[in-house]
Visitor: 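This is the structure I want to talk about, given as structure tokens.
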Amino acid sequence: MNDLLFELLLPELFDYATCLEYMERSALECLYRADSTGVTRLFELGSGPLLIKLTMRDGSFIQARLLHGSVPGIEEQERLARYITEWFDLDRDLTPFYTLAAADPLLGPLAVRFHGLRIVGIPDLFEALCWAILGQQVNLAFAYRLKQRLTAEYGRSMEWEGHTYYCFARPEDLLGVSVEELCALQLTRSKARTILEVAALLARGELSREALLDMPSPEAAEKELVAIRGIGPWTAQYVRMRCLRDPSSFPVGDVGLQNAVKVLTGMDKKPTPAELVGLSVGWRGWEAYATFYLWRTLY
DNA sequence: CTCCAGGATAGAT
DNA sequence: ATCTATCATGGA
């Protein structure tokens, strides 16, 4: 099966190959498979599981093809199209970012080197929160393993042509689960407790992406998230950046960001958050993109 | 054994 | 409101 479902017109300043290079960076990523031909991912948006492959046509369209599953209805296809748009930040006009980057000694070379790279997002709030929580204070390789175990245990999967594709667990999938069960997957008690708390809040409708986006400001949404035990500034800013799509989010406490700046500027030690704020005066409004491009230099 | 990794919290100052 | 001791797990 290889049905073309729909096409999305790509914006200016978008480079699919550059985005794919970023997505190929970790062989440990379990929630999609990326190679130079495209990205394949398992979706659950309504009636049943859909294995979707995104490819490029003519350098100006993304094609969504159904590899396996029953052909979704129009409403489900619209949800899929919205997901893809969010995933690759297709609605964003990057012109202002490239203008300011060109005048910035740190970002200038990166804007050339990674031209057309978008912040690859995590549209699903539960997945974004879990990924951020799992990534707290551990190296990325270990964070990927934790996510893989969590997904294999509580998510769903599909075999197709010799590969296994996974869907991340939904909040409801974790409702009866205990802290001990998650600790058995090598999560710390804090990560386990926080993920279960977030799952419960989402399942009860007391937390949602829509509600966070409806708040008066991204800062207000961040405050809401930080009120949850186990979610600090870094986690909330990370979610602002990759799920809520706030281009001005700036996770200054991020060790990866600090290391990237240290290496690129030749500093003898990592910059403090205050120093990062000082460096970023020219990035106003686009700190998240600056951060993402700086992270990109680490791989 | 030590130090670090895409931190957070409670308690002290 | 800002510092610091502590937690906690795997990798180098």
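Numbers restart at 1 for each chain; the letters A, B, ... are given by sequence-line order, proteins then strands.
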Visitor: Please check if any side-chain donor atom of A:Ser249 sits under 3.5 Å from a side-chain acceptor atom of A:Glu287, or the reverse.
Guide: no
Visitor: Would you tell me if any nitrogen or oxygen in the side chain of A:Lys191 comes within less than 4.0 Å of OP1 or OP2 on C:dG10?
Guide: no
Visitor: May I ask you to evaluate whether A:Thr235 reaches the phosphate of B:dA8, defined as a side-chain N or O under 4.0 Å from OP1 or OP2?
Guide: yes
Visitor: Quickly work out the A:Ile133 CD1 to B:dT9 P distance and round it to whole Å.
Guide: 10 Å
Visitor: Any side-chain donor-acceptor pair under 3.5 Å between A:Tyr144 and A:Arg149?
Guide: no
Visitor: So, OP1 or OP2 of C:dT9: does either fall under 4.0 Å of a side-chain N or O from A:Arg189?
Guide: no
Visitor: Does C:dA12 have OP1 or OP2 under 4.0 Å away from a side-chain N or O of A:Asn139?
Guide: no
Visitor: Between the base of B:dA5 and the side chain of A:Gln137, is there a donor and acceptor pair under 3.5 angstrom?
Guide: yes
Visitor: Nearest of C:dG10, C:dA8, B:dG7 to any side-chain atom of A:Thr188?
Guide: C:dA8
Visitor: Checking A:Asp254 against A:Gln237 for the side-chain contact (heavy atoms from CB on, under 4.5 Å) test, could you report, in this order, the C-alpha distance in whole Å, the side-chain angles of both residues, the deciding distance, and whether it holds?
Guide: CA-CA 10 Å; A:Asp254 184 88; A:Gln237 287 158 7; over 6 Å; no
Visitor: Expressed as a whole number of Å, how far does the P atom of B:dC3 sit from that of C:dA5?
Guide: 15 Å
Visitor: Nearest to the A:Lys270 side chain among C:dT9, B:dG7, B:dA5, which nucleotide is it?
Guide: B:dA5
